S.K.: 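Before I ask anything, here is the structure I am working with.
None of these values were measured; they are calculated from a predicted model. Side chains included, hydrogens not; waters and symmetry mates left out as well; all remaining heavy atoms used. We name chains A, B, ... by the order of the sequence lines, and we start the count at 1 in each one.
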Amino acid sequence: MRELTRINDVSRRYREPLCTLDKADLKPLPANLDAGKNGPALLPLKPDVLQNCECGLDGACALNLARPKSREEEDKLVASFLSGLEKLFTKENNWTFLQPLVLTMEHCTRCQTCSDSCHIYEESGRKEIYRPTFRTEILRRLYFKYVKHGGLLSAWQHGAIELNWPLVARLAELSYRCNLCRRCAQVCPIGADNGLVAHELRKLFSQEMGISPKELHEKGSMLQLKTGSTTGMPSAAAKDNIDFIDEDMSEKTGLDVHTPWDVEGADVLLIHNAGEILAWPENPGAFSVILNAAGIKWTLSSELAGYDAVNYGLWYDDTQFARVALKHLEVARKLGVKKIVIGECGHAHKALGVIADRIALGDLDIPRESSMTLLRDIVLSGKLKLDPTRNDFPVTLHDPCNMVRLMGIVEPQREILRAIAPRFREMDPHGVDNYCCGGGSGFAIMNPNNFADWRAQVSGRKKLEQILNAFSDSLDPAIPKYACAPCSNCKGQIRDLFSYWNIWEKHRILYGGLVELIVNAMTDVKPGFIEWEWR
Amino acid sequence: MSLLTSIAIYVGLGFFFVGCLLRILQYSRTPVHLRWELYPVPGEGRQRAKHGGSYFEETDWWKRPREKHLLNEVSVMFREIFLLHGVWKSNRSLWWRSFPFHTGLYLLIAGCCFSALGALSAQSQLAGLIFLFARISAWAGLSLTLLGSAGLAWRRMTDKELRIYTVPGDLMNLGGFALACVLILAGAFGGTMPALRDAAYGLLTFQPELQLPILVNVGIIVGAAMTGYIPYTHMAHFIAKYFTYHLVRWDDAEKNKAIEAGIAKNLAYLPTWSASHIAGDGKRSWAEIVTTNPVSVERMPK
């Protein structure tokens, strides 16, 4: 019988992981992708990582958290954690999410209704440490013991816990085993939010202890605040790249493609995820084709952060989040644009559209809108000449959690697809009940050690299953198929998933954005905008 | 003995209402937070609520009047509160235990209210009908609460996955409800109960001559203790749910003056987060910190 990890195991001092991931334990994939596979699901960690880093959770290592050299150093770190824990529950330090956090701490009934909604828990073969309430239960016990200063009676009522360095180290890693998709919160009868708990733990580690994934902080939000983009691409390079994309698009489409920069008073300031410029240039290129063809008065911005909608602070740090969000709003204010339109980037949608809403005060309260609605209006207005038969191949749609479940933008992208993709079919489930791609909350850009394996084997497994099932009638590699993901990070995760599982070779499923499909259907454009090549 | 029972009822209710008030104050005094809604939001416009959409699906949404669908919101609330729709949908095996438990509690509350109302309007022509409702509600409530609490406790003890998360307090909570119901039922069936009209009046007005079976007295005292204890535990989710649903999950409200004033106050707080990119020394406000670019004051890590 499967041995369950218990809450207090998180304080165990020995170095073996609390659980290991074996291929045989994981939920089988459709199309016999992993039939008969046995052995470890993840590549083993390198000896130096095992020696020097804290890897006592599940055999994966996302943080490269350095192992303390002495018990004194451990105690110092535990004291720092405790200090952060107390701050997390004060209005001065955490007014941003105090109310929902306290409600979750005090009212979860531990009924486990949320468990089956979590793709990570389900696909891992129901490993206890991935259950949405597991990390929450640890934090809850700490909360009642150290924040509410509960004694023996409290331990009897809420459960006991031993705070030590192994617990802190495991909890730090564990806060990066949740995609923050909040599917668990959606089904909670009480309204408790285990996704929020992972978010708040990440904040504690980042804001108090300076612990966060390098990809999100040093090479993420800090790099963006320094160079203007998380890609490290300064403004001049972004402009050069867009010039190159314009040339390429002009050649490819037969149209004169020109991307405007820094147009004061434009109707629309479009902000892309700058990763698109480097990884999928056809996406910003397609936006330019569509907006120009529709006669929109629009612009990009070359200001610091103005050409990169990314806001990684959303996932781990409120101050970094607010700094970047305010930069975006400031850029729009300076240009005097009528509205900001966010490109195909899910987390940027939520960051600027919803989470930043209450700090967008005074003249920084520039209206923000999704590109999905603007594109829907353009497509349905008849301004573009479209021939849906150019998209006569099976298409399915991935719903980015940030855009759909967390923002309620569900239909516009579907209205577009129904108009331009005759063989569009939904995944099951979809819309606000969708599953995360497995790259959510920053995972798509995190590849330390064997974390990419974990993403492909565990967190992305459900999405792969959904995509394969959506195309179950046409898995034959002779039929090209298109998984549409109108979000840069989701696209990156799906690319990595397809690559890991050889989906292109085995089943000819391509991934891409929504604007590429629109341009592919434009009759003014040379046929074949979508190139059926792996990238 | 019945005098003690009367005192327990009033003390239990006192603790209950004070506890509820404290809970409400605790949550309503927390600062305005950032938006954290989750769709579907049932108060959204009629068509959008069906698919979980929001006003963000509209172009230039800020220029349009917000379409609200109050009826749908009330309907969702009704299904959630009285039918436990969320549990039915997502955790059916729990629903078969949780639904009788919660319905039992609602019926017990109704039974108590009807009894009190009947006692206070004993001369009214409707008194007989009121006591009929009271008897039906009370018996059904006791039975269902007992069935539900025993079922929930049994599940917590026998389900291996739930047991990890079960603490003694959980079993005491459920056991307390079950014990109160068992005692009252056993006392009522095994002893000589006065008419409900006399019992209710006697308990409400501290009548020392009221004779209740001892088990009923003890059962009511246990029930009163549980009533007074509820608001101080996670079982106060009937209060929490107002906040988790209306002020978090469904709160997609646009800014107004109250929200802006709350945020302005929050931005003046002096955080003390220690990480180097914040360096909260308790002297700089949130507003100052988030309008400072840490890269210009700190060397970039390599």
S.K.: Salt bridge or not for B:E80 and B:K241, using N-O below 4.0 Å?
M.R.: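 Counted as a salt bridge, because a side-chain N and a carboxylate O are separated by less than 4.0 Å.
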
S.K.: Which bit of A:A356 comes within less than 4.5 Å of chain B, counting heavy atoms only: side chain, backbone, both or neither?
M.R.: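 Neither; nothing under 4.5 Å.
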
S.K.: Between A:K87 and A:E92 (salt bridge meaning N to carboxylate O under 4.0 Å), is one present in this structure?
M.R.: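 No, no charged N to carboxylate O under 4.0 Å.
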
S.K.: Name the region of A:T133, side chain, backbone, both or neither, that has any atom closer than 4.5 Å to a heavy atom of chain B.
M.R.: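 Contact with chain B: backbone and side chain both.
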
S.K.: Please classify the contact between A:L375 and chain B as side chain, backbone, both or neither, with a heavy-atom cut-off of under 4.5 Å.
M.R.: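 Neither part; nothing is under 4.5 Å.
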
S.K.: Run the numbers on B:Y269 and B:W286 for ring pair (Phe, Tyr, Trp, His ring centres under 6.0 Å), then give the verdict.
M.R.: CA-CA 6 Å; B:Y269 284 136; B:W286 262 98; 9.1 Å; no

S.K.: Contact part of A:H349 toward chain B, heavy-atom cut-off under 4.5 Å: side chain, backbone, both or neither?
M.R.: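 Contact with chain B: none, neither part.
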
S.K.: Does a side-chain N-to-carboxylate-O contact under 4.0 Å join A:E426 and A:R414?
M.R.: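 Result for this pair is yes, salt bridge flagged.
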
S.K.: Charged N to carboxylate O under 4.0 angstrom, B:R23 versus A:E106?
M.R.: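 Looking at A:E106 together with B:R23, the answer is yes, because their closest N to O distance falls below 4.0 Å.
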
S.K.: Need one label for A:Q99: side chain, backbone, both or neither, based on atoms under 4.5 Å from any heavy atom in chain B.
M.R.: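 The answer is both parts of A:Q99.
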
S.K.: Return the option, out of A:Q413, A:E411, A:R6, with the maximum number of heavy-atom pairs under 4.5 Å with chain B.
M.R.: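 Top option by heavy-atom pairs under 4.5 Å: A:E411.
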
S.K.: Among A:E137, A:M209, A:K339, which residue has the highest count of heavy-atom pairs closer than 4.5 Å to chain B?
M.R.: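 So the answer, after comparing A:E137, A:M209, A:K339, is A:K339.
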
S.K.: In terms of heavy-atom pairs under 4.5 Å, which option from A:D318, A:V341, A:I409, A:T319 contacts chain B the most?
M.R.: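 The option with the most such pairs is A:T319.
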
S.K.: What part of A:L196 lies closer than 4.5 angstrom to a heavy atom of chain B: side chain, backbone, both or neither?
M.R.: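 Looking at A:L196, backbone and side chain both touch chain B.
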
S.K.: Under a 4.5 Å cutoff for heavy-atom pairs, which residue among A:H158, A:K91, A:Q157, A:Q207 has the most contacts with chain B?
M.R.: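 Ranked by contacts with chain B, first place is A:Q207.
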
S.K.: Let me know if A:D317 has heavy atoms under 4.5 Å from chain B in its side chain, its backbone, both or neither.
M.R.: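 The side chain, not the backbone.
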
S.K.: Which atoms of A:M372 are under 4.5 Å from chain B, going by heavy atoms: the side chain, the backbone, both sets, or neither?
M.R.: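 Contact with chain B: none, neither part.
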
S.K.: Quick one: do B:K257 and B:E260 make a salt bridge, cutoff under 4.0 Å?
M.R.: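 The answer is no: the pair does not qualify as a salt bridge.
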
S.K.: Using 0.5 Å steps for rounding, measure from the CD atom of B:E37 to the CZ atom of A:R182.
M.R.: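 Nearest 0.5 Å value for the CD-CZ distance: 8.5 Å.
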
S.K.: What I want to find out is whether A:D357 reaches B:K255 closely enough, with some N-O distance under 4.0 Å, to be called a salt bridge.
M.R.: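 Answer for the salt bridge query: yes.
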
S.K.: Side chain, backbone, both or neither: which part of A:C114 has an atom under 4.5 Å from a heavy atom of chain B?
M.R.: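 Neither part, no heavy atoms under 4.5 Å.
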
S.K.: Measure A:Q320 against the heavy atoms of chain B and call it side chain, backbone, both or neither at under 4.5 Å.
M.R.: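 Contact with chain B involves the side chain of A:Q320 alone.
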
S.K.: Salt bridge between B:R155 and B:D170, side-chain N to carboxylate O under 4.0 Å?
M.R.: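 No, B:R155 and B:D170 are not salt-bridged.
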
S.K.: What part of A:V324 gets closer than 4.5 Å to chain B, counting heavy atoms only: side chain, backbone, both or neither?
M.R.: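 Neither part.
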
S.K.: Tell me, side chain or backbone of A:S80 under 4.5 Å from chain B's heavy atoms, or both, or neither?
M.R.: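 Interface part for A:S80: neither.
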
S.K.: Give me the ring orientation class for B:Y106 and B:H102: parallel if the planes are under 30° apart, tilted from 30 to 60°, perpendicular past 60°.
M.R.: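 Ring orientation, 0 to 90° scale: tilted.
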
S.K.: Can you give me the closest heavy-atom contact between A:G353 and B:F56, atom names plus distance?
M.R.: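 The answer is O-CZ, 3.8 Å.
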
S.K.: For chain B, find which of A:T109, A:L326, A:I211, A:V404 contributes the most heavy-atom pairs closer than 4.5 angstrom.
M.R.: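 Answer, by heavy-atom pair count under 4.5 Å with chain B: A:T109.
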
S.K.: Using non-hydrogen atoms and a 4.5 Å limit, figure out which bit of A:R141 sits close to chain B: side chain, backbone, both or neither.
M.R.: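 The side chain, not the backbone.
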
S.K.: Need one label for A:D365: side chain, backbone, both or neither, based on atoms under 4.5 Å from any heavy atom in chain B.
M.R.: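 The side chain, not the backbone.
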
S.K.: Quick check on the interface: out of A:E330, A:R368, A:K350, who has the most heavy-atom pairs with chain B under 4.5 Å?
M.R.: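 The candidate making the most pairs under 4.5 Å is A:R368.
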
